Peer 1: 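First the structure, which I've put down as structure tokens, then a few questions once you've had a look.
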Amino acid sequence: MSDTDIQDEAIKVDTEKGNFKYPENYEFDAGVGLTEDTIKYISDVKNDDEWVREFRLKALEVFKKKPMPTNWADKDLENIDFDKIRYYLSKGQVPARSWDDVPDDVKETFERLGIPEQERKFLAGVEAQFDSEASYSRMKEDLEKEGVIFVGSTEGLAKYPEIFRPYFGKVIPTADNKFSALNSATFSGGSFIYVPKGVKLKQPLQAYFRINAENFGQFERTLIIADEDSEITYMEGCTAPKFETATLHSAVVELVALKNAKIQYITVQNWSSNVFNLVTKRGMADEGAEVKWIDCNIGSRLTMKYPGVVLKGKGARGEVLSIALANDGQHQDTGAKMMHLADNTTSNIISKSISIGKGRSTYRGQVHMPKHLKNCKNNTECDALLINTNSRTDTYPAITTRGENNTVQHEASVSKVSAEQIFYMMQRGLSEGEAMSLAVNGFVNDLMKAFPMEYSVELKRLIDMEMEGSVG
Amino acid sequence: MNTLEIKNLNVSIDGQAILKDFSLTIPKGEVHALMGPNGTGKSTLAKVIAGHEDYTVESGEVLLDGVNILGGEPDDIAKAGLFLAFQYPLEIPGVSIANFIRAARQARLPEGEDINAVEYYKELYAKMDALKMDRKFTARSLNEGFSGGEKKRCEILQMSMLDPKYCIMDETDSGLDIDALRIVSEGVNLMRSEERGFLVITHYQRLLDYIVPDVVHVMFDGRIVHSGDAELAKELESKGYDWVKEEFVGAPA
């Protein structure tokens, strides 16, 4: 096999591949709507500790009080009917350690998505979440021996409170925004990871989030703690079938990189076009540490996501590389936040968005450098590509720099794929769809080089699929 | 059947007639030059044949080896064997020359069949060497930041890699210095064969010193008004186009 063949084999997930579902058959179901009883049901099923129960109920209060952010965000948010959503659905509490023990329909789902195959090929560990809970979770044994913890949120809080509790809800407080509060009340699943001092994971850990049920809300909660001098790459993938009704995905992801640690968090989401994807992601980087978000947003009805890094220690580095593709009827409202809180901190934001048809993409960036800091640097580049004349892109950069020795650099561009470029490529024998995908792939090419190979291959495939569908 | 035959082609844009009953037959194995003053419809002809959608075809046919291609999609026309070397090649940022040509070759293969990468690069490098292109160019974004000469060489490289039955070269000499002109022409001459026909569109005779045509046509106001051998081009060079205009306008309709 050539390199390309191997690459192509590495990950096989495409938009149509995710569009299937199995009949709903759940052991645990919190019913429809969100009340204190819903939260108590979730806590009972999970056998939460008292402090977790309180944490959830307080969060519910915050959620109810907070208004929707529609003073600045997409009005489409108002179409989410919280009373019609189901907040917890699961088939059981304990994830299987072997694919053989996973219920058949769930196993088939993940097999069709290629997860077991990827695990064999290049992953150090996999967690596969089906609606509210992980159905499968396994990490290579040698990592366990080194003290790496890779569990779900319930198990993390119950079994390792001394490790996770000090950081849980600290990087992203409950009241950060309405949806972080919602997640704090209803969270289930997600990954809790601890990498001990000096341990450097050579292969990535991966989580795959699958929504199978209609009118469902998935609220996974992830907390990754990389202890001093450790390194970890975490990848997440997400899909859902195409339902007629809206589905909600509202995750909270907190990363903690202690002194000189490195965390790389990679997302390739491929939601179907009925999903509201409202996710809060933030990392904290201690002295000399590095937090890097690689975020690829494809699909969904509305995505709002602004991964951030709090650069807390001297010399910390933060990076957000993001690609968003907004197809007809979709709005990708994405961006990045960099909070510089120490001297010599550097941050880099590169955002590329593609709007197709009536698709809309929005970049919101926030870079904060207070006056008392020295030698801080930020570089922000945001480039937008419009495929049709009715596509739309907006950029809202908010950069506050004070202090004399700090530097920020901001560049933005908007370009179009012209009819003449498409004609030129078609004259060489490419179909209109192939020509557009090539142009789009070219646009994101330099950024994709920064991604691990397996993910850039998958991303290229997803873009090709999206572009094919966009040509009438 | 072994011809590119343009029959009674009438084309307009925004209601204005550009090609008027244009007819021309290019047999395989021949190089035809199409000359004429600016604004006479030469580039329109090239784009219409290649399937550009901005033009309205009122009537006529374009038969490629006997099959009408007029009104087809540009990619289908390309795959039928027509190549257009653009006067102004478009820049495609982020798409390397190697990947672009590879995608174009791949598009010509039946589904499920893949290009042999080793053989592909071997051929690509050999053809680049012939066109005196630096092999490092394969990694550069297609036409992005290229000089005029580099763009035209890249067009000839694509033409040669895609092995078309008929080549239309639209003002390939524009923007070329004399060295580049010679190299590009050599590339074209290497491709001349009994299996291929050429239509070389040019405003100047200069190119035809290097690519010697079998037939020269003079186009004016949407149709061919004179045809002759290579000598006709030289005549045009010395006399200019004014005599064509005078003769044509003066002639009874």
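A note on names: the letters A, B, ... follow the listed sequences, proteins ahead of strands, and every chain is numbered from 1. Bear in mind the structure is a predicted one, so any value in this text is a computation, not a measurement.
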Peer 1: Specify the closest pair of heavy atoms between A/F423 and B/P74, including all atoms of both residues, with the distance to one decimal.
Peer 2: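 Heavy-atom minimum between the residues: CD1-CG, 3.9 Å.
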
Peer 1: Less than 4.5 Å to any heavy atom of chain A: does that hold for the side chain of B/P89, its backbone, both, or neither?
Peer 2: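 Backbone plus side chain of B/P89, per the 4.5 Å heavy-atom cut-off to chain A.
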
Peer 1: Checking heavy atoms, do the side chain of B/L84, its backbone, both or neither come under 4.5 Å from chain A?
Peer 2: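 For B/L84, backbone and side chain are both near chain A.
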
Peer 1: What's the separation between atom CD1 in B/I92 and atom CG in A/N441, rounded to the nearest 0.5 Å?
Peer 2: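 That separation rounds to 13.0 Å.
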
Peer 1: Measure the shortest side-chain to side-chain distance between B/K79 and A/S431 over non-hydrogen atoms and say whether it is less than 4.5 angstrom.
Peer 2: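 Result no, sub-4.5 Å side-chain heavy-atom pair not found.
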
Peer 1: If you compare all heavy atoms of A/G429 against all heavy atoms of B/A78, which two are closest, and at what distance to 0.1 Å?
Peer 2: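 Nearest pair, atom of A/G429 first, then B/A78: N-CB, 3.6 Å.
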
Peer 1: Above 12 or not: heavy atoms from other molecules or residues under 6.0 Å from CD of B/Q16?
Peer 2: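 No, CD of B/Q16 has 12 or fewer neighbouring heavy atoms, counting only those of other groups under 6.0 Å.
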
Peer 1: Taking all non-hydrogen atoms of both residues into account, name the closest pair between B/D75 and A/L430 and its distance.
Peer 2: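 Closest approach of B/D75 to A/L430: CB-O, 3.1 Å.
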
Peer 1: Look at atom NZ of B/K28 and say whether more than 12 heavy atoms of other residues, nucleotides or ligands are closer to it than 6.0 Å.
Peer 2: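 Yes, NZ of B/K28 has more than 12 neighbouring heavy atoms, counting only those of other groups under 6.0 Å.
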
Peer 1: Ignoring hydrogens and geometry beyond distance, is a side-chain donor-acceptor pair present between A/E420 and B/H52 at under 3.5 Å?
Peer 2: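 There is such a pair (donor and acceptor under 3.5 Å, judged by atom type) between the side chains of A/E420 and B/H52.
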
Peer 1: Please give me the minimum heavy-atom distance between B/A50 and A/Q427, naming the atom from each residue.
Peer 2: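 Smallest heavy-atom distance, with atoms named: CB-CG, 4.0 Å.
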
Peer 1: A/L438 and side chain to side chain contact (heavy atoms under 4.5 Å, CB included): which partner among B/N99, B/L142, B/V95?
Peer 2: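 It is B/V95; the other options fail the test.
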
Peer 1: Look at atom CG of B/D14 and say whether more than 12 heavy atoms of other residues, nucleotides or ligands are closer to it than 6.0 Å.
Peer 2: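 Counting other residues, nucleotides and ligands, CG of B/D14 stays at 12 neighbours or fewer.
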
Peer 1: Measure across B/A104 and A/R428 and return the closest heavy-atom pair with its distance rounded to 0.1 Å.
Peer 2: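 For B/A104 versus A/R428, the nearest heavy atoms are CB-O, 3.4 Å.
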
Peer 1: Of all the heavy-atom pairs spanning B/F100 and A/M425, show the shortest one and how long it is.
Peer 2: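 That would be CE1-CG, 3.4 Å.
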
Peer 1: So, taking the atom named CD in B/E91 and the one named OG in A/S418, what distance separates them when rounded to the nearest 0.5 Å?
Peer 2: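 Between B/E91 CD and A/S418 OG, I get 10.5 Å after rounding to 0.5 Å.
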
Peer 1: If you take the centroid of each ring, where Trp contributes its six-membered ring, are A/Y424 and B/Y88 closer together than 6.0 Å?
Peer 2: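 Ring centres of A/Y424 and B/Y88 not closer than 6.0 Å.
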
Peer 1: For B/E58, does the CD atom sit with more than 12 other heavy atoms under 6.0 Å from it, leaving out its own atoms?
Peer 2: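 For B/E58, atom CD is crowded (more than 12 foreign heavy atoms under 6.0 Å).
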
